[in-house]
Novice: 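The structure's right below; bear with me while I get my questions together.
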Amino acid sequence: MRKNESERLRRAQNMKWKVNPLKEYHFRVVGAEHTTRPQQLQCDHQCTYIIQCVNPVTDEVELEFCPLQAERFAGSLLDAIELSHKSA
């Protein structure tokens, strides 16, 4: 396990999950072996954990990312937000 990956996992494990009163999506970090959609998880980085996006109503896992995929996805979302502000 890479050093920064182990630090992220340690921090994630120390987080205390709270009840989500606003019914917003929440995330959880689990070992990669707990993926709900192994055929859709596109990780060839040998990541030992994944990030799951959980639906607040159904409590179903809707998206799963390895840490590197999550960083790329977050960057794309930020780019889209910036673009939407420029076009408003």
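Since this is a predicted model, take the numbers as computed values, not measurements.
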Novice: Do you reckon Leu41 sits in the same ILVMFWY cluster as Val30, going by side-chain contacts under 4.5 Å, direct or chained?
Specialist: yes
Novice: For residues 74-83, tabulate all N or O donor-acceptor pairs below 3.5 Å that involve a side-chain atom, not counting sequence neighbours.
Specialist:
| unit_1 | atom_1 | unit_2 | atom_2 | d |
| --- | --- | --- | --- | --- |
| Ser76 | OG | Arg72 | O | 3.2 |
| Glu82 | OE2 | Lys86 | NZ | 3.3 |

Novice: Of all heavy-atom pairs between Glu33 and Thr48, which one has the smallest distance, and what is that distance?
Specialist: OE1-O, 4.4 Å
Novice: If a pair satisfies side chain to side chain donor-acceptor pair (under 3.5 Å) and one of its residues is in residues 60-70, list it, with sequence neighbours excluded.
Specialist: Tyr25-Glu62, Thr35-Glu64, Thr36-Glu64, Gln52-Glu64, Asn55-Glu62
Novice: For a 4.5 angstrom cut-off between non-hydrogen side-chain atoms, does Arg28 reach Ile50?
Specialist: no
Novice: Rounded at 0.5 Å granularity, tell me how far CZ in Phe65 sits from SG in Cys53.
Specialist: 7.0 Å
Novice: Heavy atoms only: give me the nearest Arg37-Leu63 pair and the separation to one decimal.
Specialist: NH1-N, 4.4 Å
Novice: What's the shortest heavy-atom distance between Cys47 and Ala32, and which atoms?
Specialist: O-CB, 3.6 Å
Novice: Check whether Phe27 and Tyr49 end up in the same hydrophobic cluster, where Ile, Leu, Val, Met, Phe, Trp and Tyr are linked by side-chain heavy atoms less than 4.5 Å apart.
Specialist: yes
